[in-house]
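Scroll down for the structure; my scribbles are underneath it.
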Amino acid sequence: MESTRQQLRLMQLASSNLPVGGYSWSQGLEWAVEAGWVNTADAFARWQRQQMEMSFFHVDLPLFARLYRACEQDDEAAARRWTAMLLACRETKELRDEERNRGAAFTRLLADWCPDAAPEWRALFRQSQLCGMAWLGVRWQLPLRALALVLGYSWIESAVMAGVKLVPFGQQAAQQLIITLSNHYADCVDRGLDCPDDDIGSATPLSAIASARHETQYSRLFRS
């Protein structure tokens with residue numbers, strides 16, 4: 001019964017209905033389309049795979065693993081340090097705003113699910129959804145790797161749905177892209193979780209430029 005309940009909670013966290021605003025952000029994709037860098041489903045796949053390889057596996061996953069362990073040990077100081085590093089790795093105002101907005105939305109959920117969370121932890125959750133998810137995963141006894149798969153799938157699905165609107169491509173192509181990107185993610189998730197401290201940091205200058213240019217883009221559907 002407990003295993004079944006945990007699996008259902010994982011599915012809830014993976015759901016696109018989770019109100020953290022993922023549908024509002026394109027993470028620079030909107031400008032990349034405007035600039036002509038991404039204009040087909042194949043170009044989108046290359047763009048997104050680069051984000052996965054050079055950012056998600058070197059920032060989001062390794063820092064999520066460290067936040068999870070900090071929460072396991074109830075080490076609020078370590079969680080604060082890794083959250084600060086995560087925000088420092090978000091290279092533009094829009095990307096930092098996205099991180100904080102997702103965190104604030106997730107904190108509102110946690111207020112209902114776990115009202116006894118200590119105030120100092122809630123302050124960290126408002127800075128980053130990753131910290132809130134790590135803490136909740138420990139509280140619900142959800143394994144780190146399973147949570148990492150949830151995190152990755154949610155990121156992939158949100159990106160592909162943004163691509164449907166922006167590139168654009170159809171729903172059939174979208175489903176194939178989710179499979180392709182998910183397969184690559186599954187092959188490499190352990191590498192991201194095991195990334196050493198010295199390798200943490202993104203190397204996606206085009207994405208950072210796209211995000212910065214998006215801040216003043218004339219017409220926008222997305223907030224980043």
Indicate every side-chain donor-acceptor pair of residues 50-57 with a distance under 3.5 Å to a residue at least two apart or in another chain.
residue, atom, partner, partner atom, Å
Gln51, OE1, Ser207, OG, 3.2
Gln51, NE2, Trp47, O, 3.1
Glu53, OE1, Arg191, NH2, 3.2
Glu53, OE2, His184, NE2, 2.5
Glu53, OE2, Arg191, NH2, 3.4

When the side chains of residues 35-45 are checked against the rest of the protein, which donor-acceptor pairs come out under 3.5 Å, sequence neighbours left out?
residue, atom, partner, partner atom, Å
Thr40, OG1, Asp42, N, 3.4
Thr40, OG1, Ala43, N, 3.0

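- The minimum heavy-atom distance between Thr107 and Arg126, with the atom names listed, is OG1-N, 3.3 Å.
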Item to complete: Check the pair Arg145, Asp190 against salt bridge (charged side-chain N to carboxylate O under 4.0 Å, His left out), reporting the backbone distance first and the verdict last.
Response: CA-CA 8 Å; Arg145 194 175 190 278; Asp190 293 316; 2.8 Å; yes
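- Ion pairing of Asp97 with Arg90 is absent here, as no side-chain N (NZ or NE/NH1/NH2) approaches a carboxylate O to less than 4.0 Å.
- Annotation: the span from Arg69 atom CZ to Trp82 atom CH2 amounts to 10.0 Å, rounded to 0.5 Å.
- Of all heavy-atom pairs between Val138 and Cys71, the closest is CG2-CB, 3.9 Å.
- Residues Ile200 and His58 are not in side-chain contact: their nearest non-hydrogen atoms beyond the backbone lie 4.5 Å or more apart.
- Asp75 has no carboxylate O lying under 4.0 Å from a charged side-chain N of Arg81, or vice versa, which leaves the two without a salt bridge.
- Within the 4.5 Å cutoff, the side chain of Leu142 has no heavy atoms near those of the Val150 side chain.
- One finds the CG atom of Leu63 at 11.5 Å from the CG atom of Leu193 (value rounded to the nearest 0.5 Å).
- You'll find the side chain of Tyr153 reaches within 4.5 Å of the side chain of Ile178, heavy atoms only.
- Note: Leu13 CG to Phe106 CZ = 5.5 Å, rounded to the nearest 0.5 Å.
- Looking at Ser26 and Leu166, their side chains come closer than 4.5 Å, going by heavy atoms from C-beta outward.
- Annotation: the span from Glu98 atom CD to Arg96 atom CZ amounts to 12.5 Å, rounded to 0.5 Å.
- Remark: Arg213 CZ is loosely packed, at most 12 non-hydrogen atoms of other residues, nucleotides or ligands lying under 6.0 Å away.
- The hydrophobic cluster containing Phe64 does not contain Leu87, counting ILVMFWY residues as joined when their side-chain heavy atoms lie under 4.5 angstrom apart, directly or transitively.
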Item to complete: Go through Ser211 and Glu91 one step at a time and tell me if the side chain to side chain contact (heavy atoms under 4.5 Å, CB included) criterion holds.
Response: CA-CA 8 Å; Ser211 176; Glu91 297 167 289; over 6 Å; no
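- In terms of heavy-atom proximity, Ala70 sits nearest to Trp121 at O-CH2, 4.3 Å.
- Here CD of Gln127 is found 8.0 Å from OG1 of Thr83. Values are rounded to the nearest 0.5 Å.
- Residues meeting the salt bridge (charged side-chain N to carboxylate O under 4.0 Å, His left out) test with Asp198, sequence neighbours left out: none.
- Annotation for Ser154 and Ala14: closest pair CB-O, 4.4 Å, computed over non-hydrogen atoms.
- Without hydrogens or angle criteria, Arg122 side chain to Ala117 main chain gives a donor-acceptor distance under 3.5 Å.
- At most 12 heavy atoms of other shown residues, nucleotides or ligands fall within 6.0 angstrom of atom CZ in Arg49.
- Taken to the nearest 0.5 Å, the CD atom of Gln6 stands 10.0 Å off from the CG atom of Leu147.
- Note on Ile179: it does not cluster hydrophobically with Val167, by side-chain heavy-atom contacts below 4.5 Å among ILVMFWY residues.
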Worksheet item: What's the verdict on side chain to side chain contact (heavy atoms under 4.5 Å, CB included) for Val160 and Phe169, showing C-alpha distance, side-chain angles and the deciding distance?
Response: CA-CA 9 Å; Val160 170; Phe169 42 77; 4.2 Å; yes
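- The minimum heavy-atom distance linking Leu136 with Cys114 is given by the pair CD1-SG, 3.7 Å.
- Closest of all the heavy-atom pairs between Ser202 and Cys89 is OG-O, 4.0 Å.
- Side chain to side chain, Gln129 and Glu99 fail the donor-acceptor criterion of an N or O pair below 3.5 Å.
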Discussion item. Using side chain to side chain contact (heavy atoms under 4.5 Å, CB included), reason through Leu151 and Met133 one step at a time and then give a plain yes or no.
Written reply: CA-CA 9 Å; Leu151 187 68; Met133 279 193 69; 3.9 Å; yes
Item to complete: Could you give me the CA-CA distance, side-chain angles and deciding distance for Gln48 and Trp155, then say whether side chain to side chain contact (heavy atoms under 4.5 Å, CB included) is met?
Response: CA-CA 10 Å; Gln48 207 60 36; Trp155 178 77; 3.2 Å; yes
